[in-house]
There are 2 protein chains.
Amino acid sequence: MRFPKLFERLAAQVSLPAEEWEKAEALASEQVLARRELFLQPGAPSDRFALVLQGVFRAVRVSASGAESIKAFRAEGELIGAYAEMLQRRPSMTAIEALEPSRVLVFRTRDLEELERGHVCWERLARRVAEYHFLLKERREQEFLDLTAEERLVRFWEEHPHLKGRVPQRDVAAYLGITEEALSRIMSRRRKQRG
Amino acid sequence: MRFPKLFERLAAQVSLPAEEWEKAEALASEQVLARRELFLQPGAPSDRFALVLQGVFRAVRVSASGAESIKAFRAEGELIGAYAEMLQRRPSMTAIEALEPSRVLVFRTRDLEELERGHVCWERLARRVAEYHFLLKERREQEFLDLTAEERLVRFWEEHPHLKGRVPQRDVAAYLGITEEALSRIMSRRRKQRG
DNA sequence: TCGCCGCCTTGACCTGGGTCAACCCGAGGG
DNA sequence: CCCTCGGGTTGACCCAGGTCAAGGCGGCGA
């Protein structure tokens with residue numbers, strides 16, 4: 001077993017036999033990415049996803065008008081991939097880019113589907129993954145509905161303290177749904193008021 | 001079998017044995033709700049959910065400041081319930097209210113969990129439900145990130161044509177994340193421009 | 001050492017949407 | 001028949017955030 005810690009984390013979620021995990025490990029491959037390198041480019045088939053071993057990524061949606069908005073940041077222990085597109089079996093509309101030199105553990109969707117046919121634990125895990133990501137999205141939806149940009153900023157750092165210093169400010173702005181100028185002003189206003 | 005159409009719809013999603021569906025039907029109960037009646041009140045345990053047979057509902061989150069924001073509208077064939085809270089086994093923070101006289105088919109969470117232990121089809125179905133609701137949330141997140149209020153309005157009616165005339169305007173506004181005054185102005189502006 | 005580049009800040013100005021308050025209008029009840 | 005009430009509209013005013021444009025500044029390659 002190459003990744004016993006990972007196995008423990010997953011086994012805590014759903015009962016996952018060690019031999020099933022070993023099968024998955026055998027199908028997975030490590031990939032190293034340089035800063036700015038893409039794990040997934042828009043237009044590519046969304047037939048693979050990965051677990052971040054080291055580093056930080058941003059998932060970027062490029063709209064028709066060319067504006068970038070950020071769907072998520074992902075760091076160690078989190079999954080990267082065009083999940084929505086994968087579920088719909090469509091090509092990715094999302095770029096997933098390393099913000100630092102990174103290492104990930106890559107799985108092919110097809111391989112996972114194969115594993116699912118062999119043992120129910122994988123379906124249970126897939127369910128957990130779906131439910132977890134649903135909760136993430138619902139939380140963000142609520143923030144957009146109820147909170148000002150400044151309140152969203154405060155929440156962002158509460159929820160992602162591990163990203164401090166690792167993501168450029170303009171990307172935080174794009175995550176919050178505002179421009180980098182607006183974010184800069186919010187921050188300087190807060191600096192003056194609080195100290 | 002009381003609801004053969006429902007069964008067909010579900011069976012198209014995951015392979016669902018008829019006898020499992022009959023077990024579920026036996027555990028479910030129909031409930032009739034008057035206009036304005038709550039299927040679920042905030043603070044109540046989120047131990048039940050339902051399928052809408054007839055009518056329209058709104059899921060409302062009441063924030064600390066007393067402002068209402070609308071998480072979703074649900075009509076015939078859709079599920080109502082405090083899904084996020086259910087997944088976290090917390091009391092509901094959401095009110096679910098009938099906007100018209102309605103009929104629903106109620107399931108208890110515990111009963112479903114029991115069914116899950118008996119046959120894998122229920123877990124598969126739960127996975128589908130989670131994935132589907134994830135997609136809904138992700139779509140809405142994207143709309144908040146990339147679209148103006150006016151564009152969100154247009155999308156809303158594209159995505160929910162069946163709600164025309166069944167939901168009050170103020171609720172549409174609360175769904176879009178704006179005030180009823182703002183929505184009113186957007187509509188009158190559009191009336192003038194297009195015709 | 002210099003100059004460029006990536007990232008952030010600041011300023012001037014504009015605009016979408018919030019807030020408060022008045023008003024309109026159609027449906028039901030007394 | 002009028003009154004009320006719920007839901008929608010309109011106006012005046014304000015403010016958060018967008019847009020465009022001009023710097024600032026630290027780091028790195030030539």
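Values below: every heavy atom of this structure, side chains too, minus hydrogens, waters and symmetry copies. We name chains A, B, ... by the order of the sequence lines, and we start the count at 1 in each one.
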Ion pair [X]/[Y], N-O distance below 4.0 Å:
{"X": "B/Arg127", "Y": "A/Glu123", "value": "yes"}
{"X": "A/Glu131", "Y": "A/Arg124", "value": "no"}
{"X": "B/Glu100", "Y": "B/Arg36", "value": "no"}

Q) Between which nucleotides of DNA chain D, 5' to 3', does chain A make heavy-atom contacts below 4.0 Å? A) D/dG17 to D/dC20
Q. With a 4.0 Å cut-off on heavy atoms, is A/Arg35 in touch with a base, just the backbone sugar-phosphate, or nothing at all?
A. sugar-phosphate
In whole angstroms, how far is the [atom2] atom of [N] from the [atom1] atom of [X]?
{"X": "A/Glu180", "N": "C/dG6", "atom1": "CD", "atom2": "P", "value": "13 Å"}
{"X": "A/Arg36", "N": "C/dG6", "atom1": "CZ", "atom2": "C1'", "value": "8 Å"}
{"X": "A/Asp146", "N": "C/dG18", "atom1": "CG", "atom2": "C1'", "value": "15 Å"}
{"X": "B/Arg152", "N": "C/dG17", "atom1": "CZ", "atom2": "C1'", "value": "11 Å"}
{"X": "A/Glu68", "N": "C/dC7", "atom1": "CD", "atom2": "P", "value": "11 Å"}
{"X": "B/Ile178", "N": "C/dT15", "atom1": "CD1", "atom2": "C1'", "value": "15 Å"}
{"X": "A/Leu145", "N": "C/dG18", "atom1": "CG", "atom2": "P", "value": "12 Å"}

Might you list the N or O atoms of the protein lying below 3.5 Å from N or O atoms in nucleotides 20-26 of chain C, with each pair's distance?
| unit_1 | atom_1 | unit_2 | atom_2 | d |
| --- | --- | --- | --- | --- |
| C/dC20 | N4 | B/Glu181 | OE2 | 3.3 |

Q: To the nearest 0.5 Å, tell me how far B/His119 NE2 sits from B/Leu16 CG.
A: 8.0 Å
**Q.** Donor-acceptor side-chain pairing of A/Ser69 and B/Asp146 below 3.5 angstrom
**A.** yes
Q) Judged by modelled atom types alone, do A/Glu85 and A/Thr94 share a side-chain donor-acceptor pair under 3.5 Å? A) yes
Q: Report the residue (A/Ala149 or B/Ser184) whose heavy-atom-nearest nucleotide on DNA chain D is the more 5′ of the two.
A: B/Ser184
Q) Reckon A/Gln169 has a side-chain N or O less than 4.0 Å from the OP1 or OP2 of C/dG6? A) no
Measuring only between side-chain heavy atoms, which start at C-beta, is [X] closer than 4.5 Å to [Y]?
{"X": "B/Arg74", "Y": "B/Val56", "result": "no"}
{"X": "B/Arg48", "Y": "B/Phe107", "result": "no"}
{"X": "B/Gln169", "Y": "B/Leu183", "result": "yes"}

